[in-house]
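One structure is given here, and the rest of the page talks about it.
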Amino acid sequence: GFKRAAELPPHSAAPKFNLAQVSMMLRRYATANRLFASAAAVTADPELQMVRRATNSVYWKGDLTALQHALEAAKPGTELYKVNGLRLFEADWWARDYKAATKATEVDDVSEWADGTNVALPKRLYLAWATEAEGESEKAHALYAELRTQLEQEVRERPDVAEKHLALAFAYVGFNMKAEGLAEGRKAGELAPVSLDAFTGPGFLVWLAKLDVRAGADDAALDLIEKLQAMPAGQVFSQALLKIDSAWDPLRNDARFQAL
């Protein structure tokens, strides 16, 4: 349907963008690259489509150059800047520039960032990760403590929301409550299985794998990575990203990870 819509007049960007997203899911990155460029040619905000195209290239080839170049157009005060807070953070995180990543959390005034599968987590959780990676362990611990208190209340009020359990899981693990964190992660997975949502479900699996890594549950993380490789999840998970994302660093000497 998206493919047919993209071929019909008027040539709007939306069908091309949607088809590009589907192509990313299927890991047809070359096709997605062409479609994002086509969407950029017919939209009023081509810079946004070029950022999306450059992000696709990261998942495809692991090359940050195009994304960093595309984000140069995101100047403070511009709409492109305001809507790309997470993208700016990711570009800095993947480049291991954690100081810049902490600054990226100041780009917008939203409380949550949603990833490529619409899994929304507190922006302060991203700040805690970058702060921790920067070596500011005391500041990160304080952030995790604040998040723990906030998210425990939110989970009590909305126990059926998977993202609340997922966020609390990361706060617990960051606070060195690993068993509690893994338990909350399991609850999140039960509430958002791939069998019920083929778009968002893989996003949860990626986050759960990262949670397992942070908790030291390497085998569980590798099991999830193997599952992700076998499903259409290319908009949040790729072999190229495995190579550059520092979230996977604790696994790099593992023979199973190397075989992937």
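The first residue in the sequence is number 1, and the count goes up from there.
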I want to check something: taking the side chain as every heavy atom from C-beta on, are [X] and [Y] in contact at a cut-off of under 4.5 Å?
X: T102; Y: D92; value: no
X: L67; Y: E90; value: no
X: F237; Y: Q229; value: yes
X: W94; Y: L241; value: yes
X: E134; Y: K139; value: no
X: S246; Y: W93; value: yes
X: L228; Y: V206; value: yes
X: D245; Y: K210; value: yes

Next item on the list: Give a yes or no on this: more than 12 heavy atoms of other residues, nucleotides or ligands lie within 6.0 Å of atom CD of E157.
Entry: yes

Next item on the list: For atom CZ of R158, decide whether the heavy atoms of other residues, nucleotides or ligands shown that lie under 6.0 angstrom number more than 12.
Entry: no

Is a side-chain donor or acceptor of [X] paired with a backbone partner of [Y] at a separation under 3.5 angstrom?
X: E132; Y: A140; result: no
X: R53; Y: N33; result: yes
X: T131; Y: L127; result: yes
X: S38; Y: R34; result: no
X: N84; Y: R87; result: no
X: T149; Y: A145; result: yes
X: Y29; Y: G234; result: yes
X: Q258; Y: R252; result: yes
X: D45; Y: E47; result: no
X: R27; Y: M231; result: yes

Measure across [X] and [Y] and return the closest heavy-atom pair with its distance rounded to 0.1 Å.
X: V42; Y: K16; result: CG2-CE, 4.0 Å
X: R214; Y: Y144; result: NH1-OH, 3.7 Å
X: L208; Y: G185; result: CD2-O, 3.3 Å
X: A240; Y: K61; result: CB-C, 3.8 Å

Next item on the list: With salt bridge (Lys or Arg N to Asp or Glu O under 4.0 Å) as the test, would you mind laying out the steps for D223 and R256 before giving the verdict?
Entry: CA-CA 10 Å; D223 289 342; R256 283 180 67 192; 2.8 Å; yes

Margin query: For Y126, give me all partners under ring pair (Phe, Tyr, Trp, His ring centres under 6.0 Å), at least two apart in sequence or on another chain.
Written below: F89, W113, W129

Check: Applying the salt bridge (charged side-chain N to carboxylate O under 4.0 Å, His left out) test to K164, which of E154, E152, E184 qualifies?
Finding: E154

Next item on the list: Carefully, step by step, assess W207 and L211 under the rule side chain to side chain contact (heavy atoms under 4.5 Å, CB included).
Entry: CA-CA 6 Å; W207 285 116; L211 177 72; over 6 Å; no

Notebook entry, point to check: Going by the angle between their ring planes, with limits at 30° and 60°, are F36 and F17 parallel, tilted or perpendicular?
Noted result: tilted

Check: Are F199 and L205 joined in one hydrophobic group, where the rule is that I, L, V, M, F, W and Y side chains link up if heavy atoms are under 4.5 Å apart?
Finding: no

Note to self: Quick test of your reading of the model: are K187 and E190 salt-bridged, counting only N-O distances below 4.0 Å?
What the structure shows: no

